[in-house]
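Numbers here are sequence positions counted from 1. Note that ligands are numbered from 1 as they come in the structure, with each ligand's atoms numbered from 1 the same way.
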Amino acid sequence: MNGSPGHSAIYPGSFDPLTCGHLDVIERAAQVFDRVLVAVVVNPQKREPLFSLPEREQMIVDATQHLSNVDVAHFRGLLADFVRARQANVIVKGLRVVADFESEMSTALMNRSLSGVDTVFLPSDPRWSFVSSTLVKEVFNLGADVAEYVPAAVLRLMQQKRSAPRAAER
Ligand code: PNS
């Protein structure tokens with residue numbers, strides 16, 4: 001995991017939407033590993049996503065254009081199966097707060113048990129330790145300016161959503 005030839009990492013998530021905290025983890029992982037594959041889960045378990053899968057993939061592609069060793073893909077089903085299929089060396093996760101550590105530890109151990117692949121945790125930059133996709137969506141939906149918390153490419157998409165609300169919201 002020291003960036004020696006052939007070391008590839010998978011950074012999985014819902015990315016609904018991608019935040020500055022996610023982008024920071026991607027940028028730092030891209031310095032450590034030869035390749036980073038950002039893997040968007042097809043059906044986030046939490047709730048109906050704000051952004052479709054193609055939108056979530058495209059926003060990551062747009063926000064990572066400056067990183068030549070970063071790719072974007074999606075997966076459905078078990079992350080462990082996807083990691084094995086892609087022959088990745090590690091899974092990367094960001095940790096913001098202690099609560100993240102508690103849930104991510106068991107997930108990491110289950111993923112290692114299922115796939116043999118370890119998880120490397122990157123501590124969130126303190127600037128982003130309070131920023132989550134869920135909170136960004138909540139404050140955005142209530143009218144807040146979220147320019148500080150999401151990459152510019154994501155902000156543009158969010159503003160388009162606000163100006164074209166879904167039929168049920170009109
Ligand atoms: O950004 P999120 O929502 O915190 O990402 C969660 C994600 C996608 C990493 C997690 O839900 C996941 O790995 N889903 C795939 C299903 C799976 O493998 N579940 C068992 C985990 S041990």
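- Comparing Val83, Val41, Thr119 against atom 8 (C) of ligand 1, the shortest heavy-atom distance belongs to Val41.
- Contact annotation: the side chain of Cys20 never approaches that of Arg127 to less than 4.5 Å [non-hydrogen atoms, C-beta and beyond].
- Residue contacts with ligand 1 leave out Phe82, since none of its heavy atoms falls under 4.0 Å from the ligand.
- Under a 4.0 Å criterion applied to the non-hydrogen atoms of Gly77, ligand 1 contributes the atoms 15 (C), 16 (C).
- Near Ser14, the atoms of ligand 1 lying under 4.0 angstrom from a non-hydrogen atom of the residue are 1 (O), 2 (P), 3 (O), 5 (O).
- The distance from ligand 1 to the heavy atoms of Leu78 drops below 4.0 Å at these ligand atoms: 17 (C), 18 (O).
- A salt bridge is absent between Glu104 and Arg96; no separation between the charged side-chain nitrogens and carboxylate oxygens falls under 4.0 Å.
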Practice item. Kindly determine whether Thr19 and Tyr149 satisfy side chain to side chain contact (heavy atoms under 4.5 Å, CB included), including the steps that lead there. Key: CA-CA 6 Å; Thr19 67; Tyr149 316 122; 5.7 Å; no
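- An N or O contact shorter than 3.5 Å links Leu79 to ligand 1 by distance.
- Atom numbering of ligand 1 starts at 1 in the shown order; those under 4.0 Å from a heavy atom of Asn111 are 22 (S).
- Taking the side chain as every heavy atom from C-beta outward, Tyr11 and Val25 approach each other to under 4.5 Å.
- Counting heavy atoms from C-beta on, the side chains of Ser132 and His22 never come closer than 4.5 Å.
- Shown in contact with Met110 at under 4.0 Å from a heavy atom are these atoms of ligand 1, numbered in order with element: 22 (S).
- Classification of the Phe82-Phe75 ring pair by plane angle, with boundaries at 30° and 60°, yields parallel.
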